[in-house]
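Notes for the one structure printed next.
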Protein chains: 2
Amino acid sequence: MGVPVLSRRERLRAETAAEIKAVALRLMSEGGPDAISLRAIAREMGMTAGAIYGYYDTRDALVSALVKDVYTSLVDAVEAARDALPADDPAGRILAWGQTLREWALVNPEGFRLIYGDPVPGYQEPEGGAAAEAAHRACAGLTGLVAAAWPQAVIRQPGEYDWTDFDPILVGLVREEFPELPPAAVALALRVWGRMHGLVALEIYGHLRSQVKDPARIYLDELRDLTRGLGLDEKTTPRA
Amino acid sequence: MGVPVLSRRERLRAETAAEIKAVALRLMSEGGPDAISLRAIAREMGMTAGAIYGYYDTRDALVSALVKDVYTSLVDAVEAARDALPADDPAGRILAWGQTLREWALVNPEGFRLIYGDPVPGYQEPEGGAAAEAAHRACAGLTGLVAAAWPQAVIRQPGEYDWTDFDPILVGLVREEFPELPPAAVALALRVWGRMHGLVALEIYGHLRSQVKDPARIYLDELRDLTRGLGLDEKTTPRA
DNA sequence: AACATTTACTACACGGCGTTCAGTAAAGAC
DNA sequence: GTCTTTACTGAACGCCGTGTAGTAAATGTT
(Lines give C-alpha, C1' and ligand atoms only; values in the text may rest on other atoms or scores of the structure.)
Protein backbone atom coordinates (compact mmCIF):
# COMPACT_ATOMS: atom_id res chain seq x y z
CA MET A 1 0.00 0.00 0.00
CA GLY A 2 2.86 2.36 0.70
CA VAL A 3 2.51 5.38 2.88
CA PRO A 4 -0.86 6.96 2.26
CA VAL A 5 0.04 10.47 1.29
CA LEU A 6 -2.67 12.39 3.02
CA SER A 7 -2.37 16.04 3.65
CA ARG A 8 -3.44 17.30 7.00
CA ARG A 9 -6.69 18.41 5.38
CA GLU A 10 -7.39 15.04 3.88
CA ARG A 11 -6.59 13.31 7.14
CA LEU A 12 -8.96 15.48 9.15
CA ARG A 13 -11.55 15.03 6.49
CA ALA A 14 -11.28 11.26 6.61
CA GLU A 15 -11.43 11.31 10.38
CA THR A 16 -14.56 13.40 10.38
CA ALA A 17 -16.19 11.12 7.83
CA ALA A 18 -15.33 8.15 10.02
CA GLU A 19 -16.61 9.88 13.13
CA ILE A 20 -19.90 10.54 11.41
CA LYS A 21 -20.28 6.85 10.69
CA ALA A 22 -19.22 5.94 14.22
CA VAL A 23 -21.72 8.31 15.79
CA ALA A 24 -24.41 7.03 13.46
CA LEU A 25 -23.70 3.45 14.48
CA ARG A 26 -23.78 4.36 18.15
CA LEU A 27 -27.06 6.21 17.78
CA MET A 28 -28.45 3.23 15.89
CA SER A 29 -27.46 0.75 18.56
CA GLU A 30 -28.87 2.99 21.25
CA GLY A 31 -32.13 4.09 19.74
CA GLY A 32 -32.84 1.89 16.78
CA PRO A 33 -32.35 2.66 13.12
CA ASP A 34 -34.69 5.64 13.30
CA ALA A 35 -32.23 7.37 15.55
CA ILE A 36 -29.95 7.76 12.53
CA SER A 37 -30.82 11.30 11.58
CA LEU A 38 -28.42 13.82 10.18
CA ARG A 39 -29.61 16.32 12.75
CA ALA A 40 -29.03 13.96 15.67
CA ILE A 41 -25.59 13.00 14.41
CA ALA A 42 -24.64 16.64 13.93
CA ARG A 43 -26.04 17.53 17.34
CA GLU A 44 -23.91 14.80 18.86
CA MET A 45 -20.84 16.14 17.11
CA GLY A 46 -21.48 19.79 17.85
CA MET A 47 -22.20 20.56 14.23
CA THR A 48 -25.07 21.52 12.05
CA ALA A 49 -26.94 18.98 9.96
CA GLY A 50 -25.95 20.75 6.78
CA ALA A 51 -22.29 20.19 7.49
CA ILE A 52 -22.68 16.46 6.93
CA TYR A 53 -23.47 17.14 3.30
CA GLY A 54 -19.82 17.97 2.88
CA TYR A 55 -19.05 14.33 3.61
CA TYR A 56 -22.02 12.42 2.25
CA ASP A 57 -24.14 13.57 -0.66
CA THR A 58 -27.31 12.53 1.07
CA ARG A 59 -28.58 10.63 4.05
CA ASP A 60 -28.97 7.51 1.95
CA ALA A 61 -25.30 7.71 0.97
CA LEU A 62 -24.39 7.68 4.64
CA VAL A 63 -26.70 4.76 5.28
CA SER A 64 -25.13 2.90 2.36
CA ALA A 65 -21.72 3.43 3.90
CA LEU A 66 -23.02 2.09 7.19
CA VAL A 67 -24.57 -0.93 5.50
CA LYS A 68 -21.27 -1.69 3.85
CA ASP A 69 -19.35 -1.43 7.12
CA VAL A 70 -21.82 -3.49 9.09
CA TYR A 71 -22.19 -6.15 6.43
CA THR A 72 -18.42 -6.46 6.23
CA SER A 73 -18.19 -6.88 9.99
CA LEU A 74 -20.80 -9.64 9.82
CA VAL A 75 -18.99 -11.47 7.04
CA ASP A 76 -15.72 -11.08 8.90
CA ALA A 77 -17.33 -12.68 11.95
CA VAL A 78 -18.76 -15.72 10.18
CA GLU A 79 -15.61 -16.26 8.14
CA ALA A 80 -13.52 -16.13 11.30
CA ALA A 81 -15.80 -18.66 12.97
CA ARG A 82 -15.50 -20.92 9.96
CA ASP A 83 -11.72 -20.67 9.86
CA ALA A 84 -11.49 -21.53 13.54
CA LEU A 85 -12.36 -25.09 12.57
CA PRO A 86 -10.26 -27.35 10.36
CA ALA A 87 -11.18 -27.65 6.71
CA ASP A 88 -11.75 -31.38 7.11
CA ASP A 89 -14.76 -30.72 9.33
CA PRO A 90 -17.24 -29.25 6.88
CA ALA A 91 -20.22 -29.97 9.10
CA GLY A 92 -18.61 -28.17 11.99
CA ARG A 93 -17.79 -25.24 9.74
CA ILE A 94 -21.36 -24.97 8.55
CA LEU A 95 -22.62 -25.12 12.11
CA ALA A 96 -20.08 -22.50 13.17
CA TRP A 97 -21.07 -20.21 10.31
CA GLY A 98 -24.76 -20.54 11.07
CA GLN A 99 -24.44 -20.17 14.81
CA THR A 100 -22.17 -17.18 14.47
CA LEU A 101 -24.62 -15.57 12.10
CA ARG A 102 -27.36 -15.93 14.68
CA GLU A 103 -25.22 -14.80 17.58
CA TRP A 104 -24.00 -11.78 15.66
CA ALA A 105 -27.58 -10.92 14.82
CA LEU A 106 -28.66 -11.20 18.46
CA VAL A 107 -25.83 -8.91 19.52
CA ASN A 108 -26.38 -6.48 16.64
CA PRO A 109 -30.08 -6.65 15.91
CA GLU A 110 -30.08 -3.14 14.50
CA GLY A 111 -27.21 -4.09 12.25
CA PHE A 112 -29.11 -7.11 11.02
CA ARG A 113 -32.11 -4.95 10.27
CA LEU A 114 -29.86 -2.47 8.54
CA ILE A 115 -28.52 -5.17 6.22
CA TYR A 116 -31.50 -7.38 5.64
CA GLY A 117 -34.49 -5.15 6.30
CA ASP A 118 -35.62 -1.67 5.46
CA PRO A 119 -32.64 0.13 6.95
CA VAL A 120 -34.25 3.42 7.68
CA PRO A 121 -37.42 5.34 6.78
CA GLY A 122 -37.29 6.04 3.08
CA TYR A 123 -33.98 4.44 2.19
CA GLN A 124 -33.55 3.50 -1.44
CA GLU A 125 -30.69 1.17 -2.22
CA PRO A 126 -28.34 2.50 -4.90
CA GLU A 127 -27.75 0.71 -8.20
CA GLY A 128 -25.27 -2.05 -7.42
CA GLY A 129 -26.58 -2.20 -3.91
CA ALA A 130 -24.43 -0.92 -1.10
CA ALA A 131 -24.19 -4.47 0.13
CA ALA A 132 -23.29 -6.08 -3.18
CA GLU A 133 -19.65 -6.64 -2.37
CA ALA A 134 -20.21 -8.05 1.12
CA ALA A 135 -23.15 -10.09 -0.17
CA HIS A 136 -20.92 -11.65 -2.81
CA ARG A 137 -18.38 -12.46 -0.12
CA ALA A 138 -21.05 -14.09 2.03
CA CYS A 139 -22.36 -15.99 -0.94
CA ALA A 140 -18.94 -17.18 -1.99
CA GLY A 141 -18.19 -18.22 1.58
CA LEU A 142 -21.34 -20.30 1.70
CA THR A 143 -20.45 -21.82 -1.64
CA GLY A 144 -17.13 -22.78 -0.14
CA LEU A 145 -18.91 -24.55 2.69
CA VAL A 146 -21.09 -26.32 0.18
CA ALA A 147 -18.09 -27.17 -1.95
CA ALA A 148 -16.50 -29.05 0.92
CA ALA A 149 -19.64 -31.12 1.19
CA TRP A 150 -20.37 -31.37 -2.51
CA PRO A 151 -18.88 -34.83 -3.21
CA GLN A 152 -21.03 -36.55 -0.63
CA ALA A 153 -23.97 -34.16 -0.81
CA VAL A 154 -27.18 -35.81 -1.84
CA ILE A 155 -28.97 -33.38 -4.12
CA ARG A 156 -32.47 -34.57 -4.69
CA GLN A 157 -33.98 -33.67 -8.02
CA PRO A 158 -31.82 -30.64 -8.50
CA GLY A 159 -33.07 -28.10 -10.96
CA GLU A 160 -30.68 -27.78 -13.84
CA TYR A 161 -28.52 -24.73 -13.49
CA ASP A 162 -26.19 -22.89 -15.77
CA TRP A 163 -23.49 -20.41 -14.92
CA THR A 164 -25.49 -17.75 -16.70
CA ASP A 165 -28.16 -18.14 -14.06
CA PHE A 166 -25.99 -16.31 -11.55
CA ASP A 167 -24.41 -12.93 -11.18
CA PRO A 168 -21.16 -12.80 -13.16
CA ILE A 169 -19.20 -11.41 -10.24
CA LEU A 170 -20.33 -14.23 -7.98
CA VAL A 171 -19.56 -16.75 -10.70
CA GLY A 172 -16.10 -15.26 -11.03
CA LEU A 173 -15.41 -15.61 -7.32
CA VAL A 174 -16.64 -19.19 -7.25
CA ARG A 175 -15.02 -20.47 -10.43
CA GLU A 176 -11.71 -19.02 -9.41
CA GLU A 177 -11.75 -20.69 -6.04
CA PHE A 178 -13.56 -23.94 -6.93
CA PRO A 179 -12.94 -24.70 -10.60
CA GLU A 180 -14.52 -28.14 -10.43
CA LEU A 181 -17.75 -27.05 -8.79
CA PRO A 182 -20.91 -27.24 -10.91
CA PRO A 183 -23.45 -24.40 -11.01
CA ALA A 184 -25.92 -26.45 -9.01
CA ALA A 185 -23.63 -26.09 -6.02
CA VAL A 186 -24.09 -22.35 -6.09
CA ALA A 187 -27.83 -22.84 -6.18
CA LEU A 188 -27.46 -25.10 -3.17
CA ALA A 189 -25.37 -22.48 -1.41
CA LEU A 190 -28.14 -19.94 -1.93
CA ARG A 191 -30.60 -22.39 -0.44
CA VAL A 192 -28.32 -22.84 2.55
CA TRP A 193 -28.22 -19.07 2.87
CA GLY A 194 -31.98 -18.91 2.86
CA ARG A 195 -32.18 -21.64 5.44
CA MET A 196 -29.86 -19.86 7.84
CA HIS A 197 -31.52 -16.55 7.19
CA GLY A 198 -35.09 -17.66 7.73
CA LEU A 199 -35.16 -18.53 11.41
CA VAL A 200 -32.74 -15.76 12.32
CA ALA A 201 -34.83 -13.15 10.53
CA LEU A 202 -38.01 -14.42 12.17
CA GLU A 203 -36.34 -14.29 15.56
CA ILE A 204 -34.78 -10.85 15.15
CA TYR A 205 -38.07 -9.39 14.00
CA GLY A 206 -39.86 -10.89 16.98
CA HIS A 207 -41.95 -13.50 15.22
CA LEU A 208 -40.38 -16.54 16.83
CA ARG A 209 -40.25 -15.46 20.44
CA SER A 210 -44.00 -15.07 20.53
CA GLN A 211 -44.31 -18.74 19.61
CA VAL A 212 -41.42 -20.48 21.30
CA LYS A 213 -39.33 -19.84 24.39
CA ASP A 214 -35.91 -20.90 23.19
CA PRO A 215 -35.32 -20.38 19.46
CA ALA A 216 -31.69 -21.44 19.85
CA ARG A 217 -32.58 -25.11 20.10
CA ILE A 218 -34.81 -24.98 17.08
CA TYR A 219 -32.13 -23.19 15.13
CA LEU A 220 -29.55 -25.77 16.14
CA ASP A 221 -31.90 -28.57 15.10
CA GLU A 222 -32.28 -26.84 11.76
CA LEU A 223 -28.54 -26.52 11.22
CA ARG A 224 -28.06 -30.15 12.14
CA ASP A 225 -30.76 -31.23 9.75
CA LEU A 226 -29.03 -29.10 7.15
CA THR A 227 -25.63 -30.75 7.53
CA ARG A 228 -27.21 -34.20 7.65
CA GLY A 229 -29.04 -33.40 4.48
CA LEU A 230 -25.70 -32.62 2.90
CA GLY A 231 -24.45 -36.05 3.89
CA LEU A 232 -22.08 -34.69 6.52
CA ASP A 233 -21.25 -35.97 9.97
CA GLU A 234 -20.28 -33.74 12.81
CA LYS A 235 -16.77 -33.98 14.16
CA THR A 236 -17.12 -31.10 16.56
CA THR A 237 -19.74 -30.85 19.21
CA PRO A 238 -21.71 -27.72 18.50
CA ARG A 239 -22.22 -25.08 21.10
CA ALA A 240 -25.38 -25.36 23.11
CA MET B 1 -74.19 -13.50 14.35
CA GLY B 2 -77.56 -11.82 14.33
CA VAL B 3 -78.18 -8.35 13.03
CA PRO B 4 -75.42 -6.09 14.21
CA VAL B 5 -77.28 -3.30 15.90
CA LEU B 6 -75.35 -0.32 14.77
CA SER B 7 -76.74 3.13 15.03
CA ARG B 8 -76.24 5.40 12.10
CA ARG B 9 -73.43 7.03 14.02
CA GLU B 10 -71.67 3.76 14.71
CA ARG B 11 -72.06 2.70 11.10
CA LEU B 12 -70.53 5.87 9.73
CA ARG B 13 -67.80 5.62 12.28
CA ALA B 14 -66.96 2.07 11.27
CA GLU B 15 -67.01 3.03 7.63
CA THR B 16 -64.61 5.89 8.18
CA ALA B 17 -62.28 3.69 10.18
CA ALA B 18 -62.33 1.18 7.34
CA GLU B 19 -61.75 3.88 4.75
CA ILE B 20 -58.70 5.07 6.65
CA LYS B 21 -57.25 1.59 6.50
CA ALA B 22 -58.15 1.23 2.84
CA VAL B 23 -56.52 4.52 1.90
CA ALA B 24 -53.47 3.61 3.95
CA LEU B 25 -53.16 0.31 2.12
CA ARG B 26 -53.52 2.01 -1.23
CA LEU B 27 -50.90 4.60 -0.40
CA MET B 28 -48.61 1.83 0.81
CA SER B 29 -48.94 -0.18 -2.38
CA GLU B 30 -48.37 2.93 -4.45
CA GLY B 31 -45.51 4.57 -2.67
CA GLY B 32 -44.06 2.06 -0.25
CA PRO B 33 -44.58 1.84 3.48
CA ASP B 34 -43.23 5.34 4.03
CA ALA B 35 -46.19 6.71 2.17
CA ILE B 36 -48.34 5.72 5.13
CA SER B 37 -48.53 9.04 6.86
CA LEU B 38 -51.49 10.37 8.76
CA ARG B 39 -51.22 13.62 6.87
CA ALA B 40 -51.20 11.91 3.50
CA ILE B 41 -54.14 9.71 4.42
CA ALA B 42 -56.09 12.68 5.70
CA ARG B 43 -55.22 14.71 2.60
CA GLU B 44 -56.51 11.88 0.45
CA MET B 45 -59.74 11.80 2.41
CA GLY B 46 -60.27 15.55 2.54
CA MET B 47 -59.65 15.65 6.26
CA THR B 48 -57.09 16.93 8.69
CA ALA B 49 -54.44 14.68 10.17
CA GLY B 50 -55.74 15.29 13.64
CA ALA B 51 -59.10 13.84 12.74
CA ILE B 52 -57.61 10.37 12.43
CA TYR B 53 -56.91 10.41 16.13
CA GLY B 54 -60.61 10.01 16.65
CA TYR B 55 -60.30 6.56 15.10
CA TYR B 56 -56.85 5.37 16.05
CA ASP B 57 -55.02 6.42 19.20
CA THR B 58 -51.78 6.78 17.35
CA ARG B 59 -50.14 6.09 14.04
CA ASP B 60 -48.76 2.85 15.38
CA ALA B 61 -52.26 1.71 16.28
CA LEU B 62 -53.29 2.25 12.69
CA VAL B 63 -50.26 0.36 11.45
CA SER B 64 -51.10 -2.47 13.83
CA ALA B 65 -54.60 -2.64 12.38
CA LEU B 66 -53.08 -2.78 8.90
CA VAL B 67 -50.66 -5.51 9.92
CA LYS B 68 -53.54 -7.54 11.27
CA ASP B 69 -55.56 -7.14 8.08
CA VAL B 70 -52.68 -7.89 5.78
CA TYR B 71 -51.46 -10.84 7.80
CA THR B 72 -54.94 -12.27 7.83
CA SER B 73 -55.18 -11.94 4.06
CA LEU B 74 -51.87 -13.76 3.71
CA VAL B 75 -52.94 -16.59 5.99
CA ASP B 76 -56.25 -16.81 4.14
CA ALA B 77 -54.36 -17.16 0.88
CA VAL B 78 -52.03 -19.94 1.99
CA GLU B 79 -54.81 -21.81 3.76
CA ALA B 80 -56.95 -21.65 0.66
CA ALA B 81 -54.09 -22.97 -1.45
CA ARG B 82 -53.58 -25.79 1.01
CA ASP B 83 -57.27 -26.69 1.04
CA ALA B 84 -57.36 -26.80 -2.75
CA LEU B 85 -55.44 -30.06 -2.53
CA PRO B 86 -56.70 -33.26 -0.90
CA ALA B 87 -55.59 -34.04 2.63
CA ASP B 88 -53.95 -37.25 1.47
CA ASP B 89 -51.36 -35.28 -0.47
CA PRO B 90 -49.34 -33.69 2.31
CA ALA B 91 -46.36 -33.00 0.09
CA GLY B 92 -48.55 -31.19 -2.41
CA ARG B 93 -50.11 -29.19 0.38
CA ILE B 94 -46.75 -28.12 1.71
CA LEU B 95 -45.62 -27.13 -1.76
CA ALA B 96 -48.84 -25.23 -2.32
CA TRP B 97 -48.49 -23.42 1.00
CA GLY B 98 -44.92 -22.46 0.28
CA GLN B 99 -45.43 -21.41 -3.30
CA THR B 100 -48.49 -19.38 -2.40
CA LEU B 101 -46.54 -17.65 0.32
CA ARG B 102 -43.91 -16.62 -2.19
CA GLU B 103 -46.39 -15.59 -4.84
CA TRP B 104 -48.39 -13.56 -2.35
CA ALA B 105 -45.19 -11.86 -1.24
CA LEU B 106 -44.22 -11.03 -4.81
CA VAL B 107 -47.64 -9.51 -5.45
CA ASN B 108 -47.72 -7.71 -2.11
CA PRO B 109 -44.11 -6.91 -1.32
CA GLU B 110 -45.10 -3.94 0.81
CA GLY B 111 -47.48 -6.17 2.72
CA PHE B 112 -44.73 -8.68 3.32
CA ARG B 113 -42.46 -5.94 4.62
CA LEU B 114 -45.29 -4.69 6.78
CA ILE B 115 -45.70 -8.09 8.41
CA TYR B 116 -42.17 -9.39 8.59
CA GLY B 117 -39.99 -6.29 8.50
CA ASP B 118 -39.90 -2.90 10.09
CA PRO B 119 -43.31 -1.81 8.93
CA VAL B 120 -42.75 1.91 8.95
CA PRO B 121 -40.22 4.41 10.33
CA GLY B 122 -40.45 4.23 14.08
CA TYR B 123 -43.10 1.60 14.54
CA GLN B 124 -43.10 -0.19 17.86
CA GLU B 125 -45.11 -3.38 18.05
CA PRO B 126 -47.64 -3.41 20.89
CA GLU B 127 -47.53 -5.96 23.73
CA GLY B 128 -49.12 -9.10 22.31
CA GLY B 129 -48.00 -8.12 18.85
CA ALA B 130 -50.53 -6.94 16.34
CA ALA B 131 -49.83 -10.04 14.38
CA ALA B 132 -50.07 -12.52 17.24
CA GLU B 133 -53.43 -13.92 16.21
CA ALA B 134 -52.59 -14.32 12.53
CA ALA B 135 -49.15 -15.62 13.43
CA HIS B 136 -50.73 -18.28 15.61
CA ARG B 137 -53.01 -19.22 12.73
CA ALA B 138 -50.05 -19.50 10.36
CA CYS B 139 -48.14 -21.52 12.89
CA ALA B 140 -51.02 -23.84 13.56
CA GLY B 141 -51.53 -24.27 9.83
CA LEU B 142 -47.93 -25.26 9.36
CA THR B 143 -48.22 -27.63 12.28
CA GLY B 144 -51.15 -29.20 10.51
CA LEU B 145 -49.01 -29.71 7.43
CA VAL B 146 -46.33 -31.26 9.58
CA ALA B 147 -48.89 -33.39 11.39
CA ALA B 148 -49.93 -34.99 8.13
CA ALA B 149 -46.32 -35.94 7.53
CA TRP B 150 -45.44 -36.74 11.11
CA PRO B 151 -45.81 -40.52 11.03
CA GLN B 152 -43.32 -40.95 8.20
CA ALA B 153 -41.21 -37.91 8.98
CA VAL B 154 -37.64 -38.71 9.80
CA ILE B 155 -36.56 -36.41 12.58
CA ARG B 156 -32.87 -36.60 13.01
CA GLN B 157 -31.58 -36.00 16.52
CA PRO B 158 -34.54 -33.93 17.53
CA GLY B 159 -34.00 -31.72 20.51
CA GLU B 160 -36.32 -32.74 23.30
CA TYR B 161 -39.29 -30.46 23.52
CA ASP B 162 -41.98 -29.90 26.04
CA TRP B 163 -45.33 -28.22 25.66
CA THR B 164 -44.15 -25.53 28.03
CA ASP B 165 -41.56 -24.54 25.44
CA PHE B 166 -44.25 -22.97 23.31
CA ASP B 167 -46.78 -20.21 23.61
CA PRO B 168 -49.85 -21.47 25.46
CA ILE B 169 -52.23 -20.12 22.85
CA LEU B 170 -50.39 -21.95 20.09
CA VAL B 171 -50.29 -25.10 22.18
CA GLY B 172 -54.02 -24.79 22.71
CA LEU B 173 -54.67 -24.55 18.99
CA VAL B 174 -52.46 -27.50 18.20
CA ARG B 175 -53.53 -29.84 20.98
CA GLU B 176 -57.15 -29.26 20.20
CA GLU B 177 -56.71 -30.08 16.54
CA PHE B 178 -54.02 -32.75 16.79
CA PRO B 179 -54.24 -34.42 20.19
CA GLU B 180 -51.74 -37.15 19.34
CA LEU B 181 -49.02 -34.81 18.09
CA PRO B 182 -45.89 -34.50 20.23
CA PRO B 183 -44.31 -31.12 21.00
CA ALA B 184 -41.39 -31.87 18.71
CA ALA B 185 -43.78 -31.60 15.78
CA VAL B 186 -44.46 -27.97 16.65
CA ALA B 187 -40.73 -27.34 16.74
CA LEU B 188 -40.50 -28.92 13.33
CA ALA B 189 -43.32 -26.72 12.09
CA LEU B 190 -41.43 -23.65 13.22
CA ARG B 191 -38.40 -24.88 11.31
CA VAL B 192 -40.53 -25.36 8.23
CA TRP B 193 -41.77 -21.81 8.73
CA GLY B 194 -38.23 -20.54 8.87
CA ARG B 195 -37.30 -22.45 5.78
CA MET B 196 -40.12 -21.00 3.74
CA HIS B 197 -39.50 -17.55 5.14
CA GLY B 198 -35.78 -17.42 4.48
CA LEU B 199 -35.59 -17.42 0.72
CA VAL B 200 -38.74 -15.36 0.33
CA ALA B 201 -37.45 -12.70 2.69
CA LEU B 202 -34.11 -12.58 0.94
CA GLU B 203 -35.87 -12.23 -2.40
CA ILE B 204 -38.35 -9.58 -1.32
CA TYR B 205 -35.61 -7.48 0.22
CA GLY B 206 -33.56 -7.71 -2.95
CA HIS B 207 -30.72 -9.88 -1.72
CA LEU B 208 -31.36 -12.84 -3.98
CA ARG B 209 -31.95 -11.11 -7.27
CA SER B 210 -28.48 -9.62 -7.17
CA GLN B 211 -27.07 -13.14 -7.03
CA VAL B 212 -29.38 -15.26 -9.14
CA LYS B 213 -31.66 -14.64 -12.09
CA ASP B 214 -34.57 -16.91 -11.26
CA PRO B 215 -35.15 -17.37 -7.53
CA ALA B 216 -38.31 -19.37 -8.27
CA ARG B 217 -36.39 -22.48 -9.24
CA ILE B 218 -34.19 -22.34 -6.20
CA TYR B 219 -37.21 -21.88 -4.00
CA LEU B 220 -38.94 -24.82 -5.61
CA ASP B 221 -35.85 -26.96 -5.12
CA GLU B 222 -35.87 -25.94 -1.49
CA LEU B 223 -39.51 -26.87 -1.00
CA ARG B 224 -38.94 -30.21 -2.68
CA ASP B 225 -35.96 -30.91 -0.48
CA LEU B 226 -38.16 -30.00 2.44
CA THR B 227 -40.93 -32.46 1.62
CA ARG B 228 -38.39 -35.17 0.82
CA GLY B 229 -36.76 -34.55 4.15
CA LEU B 230 -40.14 -35.14 5.75
CA GLY B 231 -40.35 -38.49 4.00
CA LEU B 232 -43.11 -37.38 1.67
CA ASP B 233 -43.66 -38.13 -2.01
CA GLU B 234 -45.34 -35.71 -4.33
CA LYS B 235 -48.65 -36.68 -5.80
CA THR B 236 -49.28 -33.40 -7.52
CA THR B 237 -46.95 -31.82 -10.00
CA PRO B 238 -45.98 -28.46 -8.59
CA ARG B 239 -46.34 -25.28 -10.52
CA ALA B 240 -43.31 -24.15 -12.44
C1' DA C 1 4.31 38.91 4.50
C1' DA C 2 0.18 39.79 1.80
C1' DC C 3 -3.15 38.33 -1.10
C1' DA C 4 -6.32 34.80 -3.38
C1' DT C 5 -8.60 30.54 -3.12
C1' DT C 6 -10.39 26.64 -1.41
C1' DT C 7 -12.65 24.40 2.38
C1' DA C 8 -15.63 23.69 6.48
C1' DC C 9 -19.10 25.15 8.53
C1' DT C 10 -23.27 28.07 10.26
C1' DA C 11 -27.78 30.25 9.86
C1' DC C 12 -31.91 30.18 7.87
C1' DA C 13 -35.64 28.63 5.14
C1' DC C 14 -38.90 25.16 2.98
C1' DG C 15 -41.99 21.51 3.22
C1' DG C 16 -43.12 17.18 5.48
C1' DC C 17 -43.91 14.46 9.54
C1' DG C 18 -46.67 12.78 14.38
C1' DT C 19 -49.04 14.71 17.96
C1' DT C 20 -51.69 17.84 21.04
C1' DC C 21 -55.23 21.09 22.10
C1' DA C 22 -58.76 24.72 22.07
C1' DG C 23 -62.58 25.76 19.49
C1' DT C 24 -66.72 24.93 16.39
C1' DA C 25 -70.53 23.06 14.14
C1' DA C 26 -73.48 19.45 13.36
C1' DA C 27 -75.91 15.26 14.87
C1' DG C 28 -78.30 12.79 18.29
C1' DA C 29 -80.82 12.42 22.72
C1' DC C 30 -84.35 13.99 25.84
C1' DG D 1 -86.41 23.05 21.77
C1' DT D 2 -82.80 22.48 24.59
C1' DC D 3 -78.58 19.92 25.99
C1' DT D 4 -74.94 16.75 25.21
C1' DT D 5 -72.11 14.11 22.61
C1' DT D 6 -69.49 13.58 18.51
C1' DA D 7 -66.57 14.82 14.38
C1' DC D 8 -63.75 17.69 12.81
C1' DT D 9 -60.67 22.08 11.97
C1' DG D 10 -56.68 25.09 12.57
C1' DA D 11 -52.87 26.32 14.68
C1' DA D 12 -49.00 25.13 17.21
C1' DC D 13 -44.65 22.30 18.85
C1' DG D 14 -40.70 19.91 17.80
C1' DC D 15 -38.80 16.62 14.85
C1' DC D 16 -36.95 15.42 10.06
C1' DG D 17 -33.98 15.84 5.11
C1' DT D 18 -32.43 19.15 2.15
C1' DG D 19 -31.02 23.22 -0.18
C1' DT D 20 -28.68 28.07 -0.34
C1' DA D 21 -26.24 32.16 1.00
C1' DG D 22 -22.83 33.80 3.83
C1' DT D 23 -18.55 33.57 6.97
C1' DA D 24 -14.29 32.46 8.92
C1' DA D 25 -10.43 29.86 8.94
C1' DA D 26 -7.02 27.00 6.69
C1' DT D 27 -4.35 26.48 2.67
C1' DG D 28 -1.84 27.80 -1.53
C1' DT D 29 0.71 31.41 -4.19
C1' DT D 30 3.55 35.22 -5.02
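So that the names make sense, note that chain A is the first sequence line, chain B the second, and so on, each numbered from 1.
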> So with a 6.0 Å cut-off around CG of D57(B), is the heavy-atom count from everything else above 12?
Replying inline: no

> Would one find a side-chain N or O of R13(B) under 4.0 angstrom from OP1 or OP2 of dA7(D)?
Replying inline: yes

> Closer than 4.0 Å, any side-chain N/O of Y53(A) to the OP1 or OP2 of dT18(D)?
Replying inline: yes

> Just how far, in rounded Å, is C1' of dC17(C) from CD of E44(B)?
Replying inline: 16 Å

> Under 4.0 angstrom, heavy atoms only, what part of the nucleic acid is Y55(B) near: base, sugar-phosphate, or nothing?
Replying inline: sugar-phosphate

>> Applying a 4.0 Å non-hydrogen cut-off, can you work out what T48(B) is touching in the nucleic acid: base, sugar-phosphate, or nothing?
In response: base

>> Evaluate F112(A) against H197(A) for ring-ring contact (aromatic ring centres under 6.0 Å, His included), listing each step before the verdict.
In response: CA-CA 10 Å; F112(A) 187 86; H197(A) 179 77; 5.7 Å; yes

> Nearest of dT19(C), dG17(D), dC9(C) to any side-chain atom of S37(A)?
Replying inline: dG17(D)

>> If you apply the rule side chain to side chain donor-acceptor pair (under 3.5 Å), what do you find for T164(B) with D162(B), and how did you get there?
In response: CA-CA 5 Å; T164(B) 61; D162(B) 197 83; 3.0 Å; yes

> Could you state the CD-P distance from E10(B) to dA7(D), rounded to the nearest angstrom?
Replying inline: 10 Å

>> How many whole angstroms separate atom CG of L27(A) from atom P of dC15(D)?
In response: 15 Å

> In whole Å, what is the span from the CE atom of M47(A) to the C1' atom of dT23(D)?
Replying inline: 17 Å

>> Quick check on dG18(C): is either OP1 or OP2 less than 4.0 Å from any side-chain nitrogen or oxygen of T58(B)?
In response: no

>> Is R43(B) close enough to dC17(C) that one of its side-chain N or O atoms is under 4.0 Å from OP1 or OP2 there?
In response: yes

>> Nearest whole Å is fine: how far is dC15(D) C1' from I41(A) CD1?
In response: 15 Å

